[in-house]
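In what follows, every chain begins at residue 1, and chains take the letters A, B, ... in the order their sequences are listed. Fair warning: this is a prediction, and the values are worked out from it, not measured in the lab.
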Amino acid sequence: MSSFDDHDAFASAVPLSQRAMAGRGAPYLDGLNPAQKEAVETLEGPVLMLAGAGTGKTRALTARIAHLLSTGTARPNEILAVTFTNKAAREMKTRVGRLLGDAGEGMPWLGTFHSICVKLLRRHAELVDLKSNFTILDTDDQLRLFRQLIQAEGIDEKRWPPRMLASIIDGWKNRALRPDAVPVADAGAFDRKGVMLYAAYQDRLKTLNACDFGDLLLHMVTIFQTHDDVLEQYRRYFRFILVDEYQDTNVAQYMWLRLLAGGHKNICCVGDDDQSIYGWRGAEVGNILRFEQDFPGAHTVRLEQNYRSTPHILAAASGVIASNKGRLGKTLWTEEKDGEKVRLIGHWDGEEEARWIGEELEAMGRGTRGLRPVSLDECAILVRASHQLRAFEDRFLTIGLPYRVIGGPRFYERLEIRDAMAYFRLAVSPDDDLAFERIVNTPKRGLGDKAQQKIQIAARSNGVNLLEGARILLASKGLTGKGAAALAELVSGIDRWHAQVRLGGSHIETAEMILDESGYTTFWQNEKTPEAPGRLENLKELVKALENFDNLQGFLEHVSLIMDNESEDTEAKVTLMTLHAAKGLEFPAVFLPGWEDGLFPNQRAMDEQGLKGLEEERRLAYVGITRAEELCTISFAANRRIYGQWQSALPSRFIDELPEEHVDVLTPPGLYGGGFGAAGMAASASPAISGAMGSDMHEKASKADVYNSPGWRRMQSRSAQRSVSQPQETRNMVIDLEAVSAFTEGDRVFHQKFGYGEVTGIEGDKLQISFDKAGPKKVVAKFVVPAASAGDVPF
DNA sequence: ACTCTTCAACTTCAG
DNA sequence: GTTGAAGAGT
């Protein structure tokens, strides 16, 4: 502890004089509001910066770094600044750089939790029985390992899929639980062998000299907990700690931070409890909620002035999030006065919703939506689940509206990238058995299961890696003919590439050589599948991404940097993405479709997590609304096709939580505003019904009209009856039985897709119906309505 | 060893 | 309805 006190003395003695000098006229302080300034200037002790959406969080954070540096309080290498994504790290680097010339480049400890842990772990690997050149497994390798372990245990792979094991173990690692520390209650998972498999997995990783992403954190926590000297060294070294998106930290990250900040307590955490949307990934909102208890004397600063959205949008978002319990509490405000209300609109089905949004986008481009003309670049459609994007892609493809999808499979997770990476890995470290397994028969070399087994046996019986095993196998003539020749060529290739890597020289040329000589490029060139050209394109991008690195090793470590491969074309496009992917972004015009109970809030989240899940969904809604700067449009559909099945749905309960005075209820053009279901019926082209509705067509219905409509009241009373944690099955059964019992044989019914028909039989929750046009069909009862009342029983 | 067919799954996703 | 993975067939 004594060395520690020295450090404290040092920390407070040096900066004081210099801080006085820098106090005035520092350019990075210009234009900061009082709260931001406070967050920037409170350098010592624990600080919690509660930064609401659009309140200039990154600005304050970078200014704080600039302040630490330019007052001489800290040197660049004494600041530990952690983020969750490489993107965030990069942005912070460039913004600090912009404030201070190129000083940002000199901050070696600004990075993601994982990249910083890799750096630390390479230095201290031996303390957890690894060598410093350990490899980091990707998800694919991980699953392969789990599969092997499960098979070795003789567990049924069908009932206990490797993926499930992976997520269980991942969960344990997120909670910083080592195999010996898994609570008894959890330990029985996976056919009672969960913990045992966990331990076996860790053993296997050790022999492979590898670790997974969770281990990076967990190993460092272990080291800090068991080696005081190492911990002390870093406590002295990292004199100031900054954490971005603190609400997203999991237990392991939390422990890591607490250990490091334990001495000087100079830790500044930035976050927003209302934007915690990664609970399913192990994030603990509790970490940020507990900050003041964890760090007594903590200084909490609230950034509440919003620079992004109009007052109506902010009010709508606040209205929704207010229903959550246990918030730290913030009230966003803005100096902005004008602006459109949040728009709300219901549609008959998902296709109509997509069609309408497409038309809106075109109209907004022409400036006919009350706003200035808005470019497609300024518009985004944010959905809860990625499969919802398809409806929009389909629609936009047919009308030729340019769009871009963010997310989807990550660049580095793609097949061809992972294959190429496996080659690179082998060239860097030929003892990487997982990489060897991956590419030994990719492209096809005639080395099938049998040949691979022989290699495995040769390797294991000689206690060497697979490459050496292959060499032994070849020398002993255990393999003959074509396979032997192919394997010999692969082995000599790996040797050659490895030599090339060790020589240094251009790693880009080496990479090209590897892809070329291995036959991998040729393999895709010969492939005539439609995606082959794209894959070749990706490989080219991969090589191009190498330019940013000094060598292959460095590249392999930071492979994820190439994830955001923005295409460079300049055509304006709407952005399509999930709500999760949208966090941290902003757009002048935002569409939030699919606000239906079950979809959003997501049923599974509620079933599995109960109130906790619902609150996270609500935060997601909050994140969605606060992405909008000028115009936010929420919509829902009464019917939606999910997994090929038509399902009717109720508007999301979050819609009820939107404050009425900040919402404009729109009705689809040409439809009667007396209820969404009724409107939909008209749209689905029953001439008799639409005739009966008359010509009373508003562009906008008053909100009261819609909120008082039968359909709406029905939705309200239904959602009021429901308890949050009630499982879906129960609910569906009740509804289905209700639905079935509403019919008897001989009833005339109407189905939105098949039209009119007659009930000829009842089986469980399904009806046998003879349709006038479509013929006999079996249909789930809730999708049909009595023909006579088709107009007023929408749900 | 490769291809075809059947069968189940299916929220969100960074490192 | 669609996709991906595993098993059987050639």
According to a strict under-4.0 Å criterion, is A/Asn86 in side-chain N/O contact with OP1 or OP2 of B/dG15? yes
Can you tell me how far C1' of B/dG15 sits from CG of A/Asp248, to the nearest Å? 13 Å
Before we go on, tell me: are the rings of A/Trp280 and A/Tyr278 under 6.0 Å apart, centre to centre? yes
note: A/Phe213, atom CZ; B/dA14, atom C1'; distance rounded to Å ~ 8 Å
Can you tell me if A/Asp212 uses its side chain to pair, donor with acceptor, with the backbone of A/Leu137 under 3.5 Å? no
Strictly distance-based, threshold 3.5 Å: is any side-chain N or O of A/Arg653 a donor or acceptor partner for the main-chain N or O of A/Asp597? no
Atom CG of A/Asp170 and atom C1' of B/dG15 are separated, to the nearest Å, by 10 Å
Could you tell me the separation between the CE atom of A/Met421 and the P atom of B/dG15, rounded to a whole number of Å? 13 Å
All side-chain hydrogen bond (donor to acceptor under 3.5 Å, both in side chains) counterparts of A/Glu416, not counting sequence neighbours: A/Arg535, A/Asn538
Quick check on salt bridge (charged side-chain N to carboxylate O under 4.0 Å, His left out): which of A/Glu353, A/Glu351, A/Glu352 does A/Arg640 satisfy it with? A/Glu353
Just to be sure I understand the rule, does A/Gln253 reach a base, reach only the sugar-phosphate, or reach nothing, if contact means heavy atoms closer than 4.0 Å? nothing
If you compare every side-chain N and O of A/Thr112 against the phosphate oxygens of B/dA14 (OP1, OP2), does one of them come in below 4.0 Å? no
Send over the distance from A/Asp212 CG to B/dC13 P, rounded to a whole Å. 21 Å
Short side-chain donor-acceptor distance under 3.5 Å, A/Tyr246 and A/Asn287: no
Can you identify which nucleotide, out of C/dT2, B/dT12, C/dG1, has its nearest atom closest to the A/Arg390 side chain? C/dT2
Distance-only side-chain donor-acceptor flag, A/Tyr254 / A/Arg258, under 3.5 Å: yes
Any luck finding a side-chain donor-acceptor pair between A/Asn133 and A/Asn209 under 3.5 Å? yes
Please determine if a side-chain N or O atom of A/Thr578 lies less than 4.0 Å away from the OP1 or OP2 oxygen of B/dC13. yes
Hydrogens and angles aside, do A/Ser648 and A/Asn639 bring a side-chain donor and acceptor to less than 3.5 Å of each other? no
Using the six-membered base ring of B/dC13, report whether A/Tyr278 stacks on it, requiring centroids under 5.5 Å and planes under 30° apart. no
Would you please name every residue forming a side chain to side chain contact (heavy atoms under 4.5 Å, CB included) with A/Ala470, sequence neighbours left out? A/Phe436, A/Ile455, A/Leu487, A/Val491
Parallel, tilted or perpendicular: which one describes the rings of A/Phe600 and A/Phe654, with boundaries at 30° and 60°? perpendicular
Consider the side chain of A/Arg641, meaning its heavy atoms from C-beta on, and name the nucleotide among C/dG1, B/dC13, B/dG15 that approaches it most closely. C/dG1
If you take the centroid of each ring, where Trp contributes its six-membered ring, are A/His124 and A/Tyr234 closer together than 6.0 Å? yes
Would you mind reading off the distance between A/Leu389 atom CG and B/dT12 atom C1', rounded to a whole angstrom? 12 Å
For A/Leu218 and B/dG15, give me the distance from atom CG to atom P, rounded to whole Å. 20 Å
Taking for each residue the nucleotide of DNA chain B with the nearest heavy atom, is it A/Ala451 or A/Gln609 whose nucleotide lies nearer the 5' end? A/Ala451
For A/Arg619, report the nucleic acid contact type (base, sugar-phosphate, nothing); a contact means any heavy atom under 4.0 Å. nothing
Start at the 5' end of DNA chain B and walk down; is the nucleotide closest to A/Lys450 or to A/Glu616 reached first? A/Lys450
Identify all side-chain donor-acceptor contacts of residues 380-395 of chain A below 3.5 Å with residues at least two apart in sequence or on another chain.
unit_1: A/Arg384; atom_1: NH1; unit_2: A/Glu617; atom_2: OE1; d: 2.9
unit_1: A/Arg384; atom_1: NH1; unit_2: A/Glu617; atom_2: OE2; d: 2.6
unit_1: A/Gln388; atom_1: OE1; unit_2: A/Arg384; atom_2: N; d: 3.1
unit_1: A/Gln388; atom_1: OE1; unit_2: A/Ala385; atom_2: N; d: 2.7
unit_1: A/Glu393; atom_1: OE1; unit_2: A/Tyr403; atom_2: OH; d: 2.8

Give the dot-bracket string for DNA chain B, reading 5' to 3', where a pair is Watson-Crick or G-U wobble with both distances under 3.5 Å, ( ) marks pairs inside the strand, [ ] marks pairs crossing earlier ones, | marks a partner on another strand, and . marks unpaired. ||||||||||.....
C/dT2 P sits how many Å from A/Glu393 CD, rounded? 14 Å
Distances under 3.5 Å only, N/O to N/O: pair up the protein atoms with those of nucleotides 4-6 of chain C.
unit_1: C/dA6; atom_1: OP1; unit_2: A/Arg147; atom_2: NH2; d: 3.4

Please measure how far the P atom in C/dT3 lies from the corresponding atom in B/dT12, and state the result in whole Å. 15 Å
Any protein N or O atoms within reach of nucleotides 3-5 of chain B? Criterion: under 3.5 Å, listing atom names and distances.
none

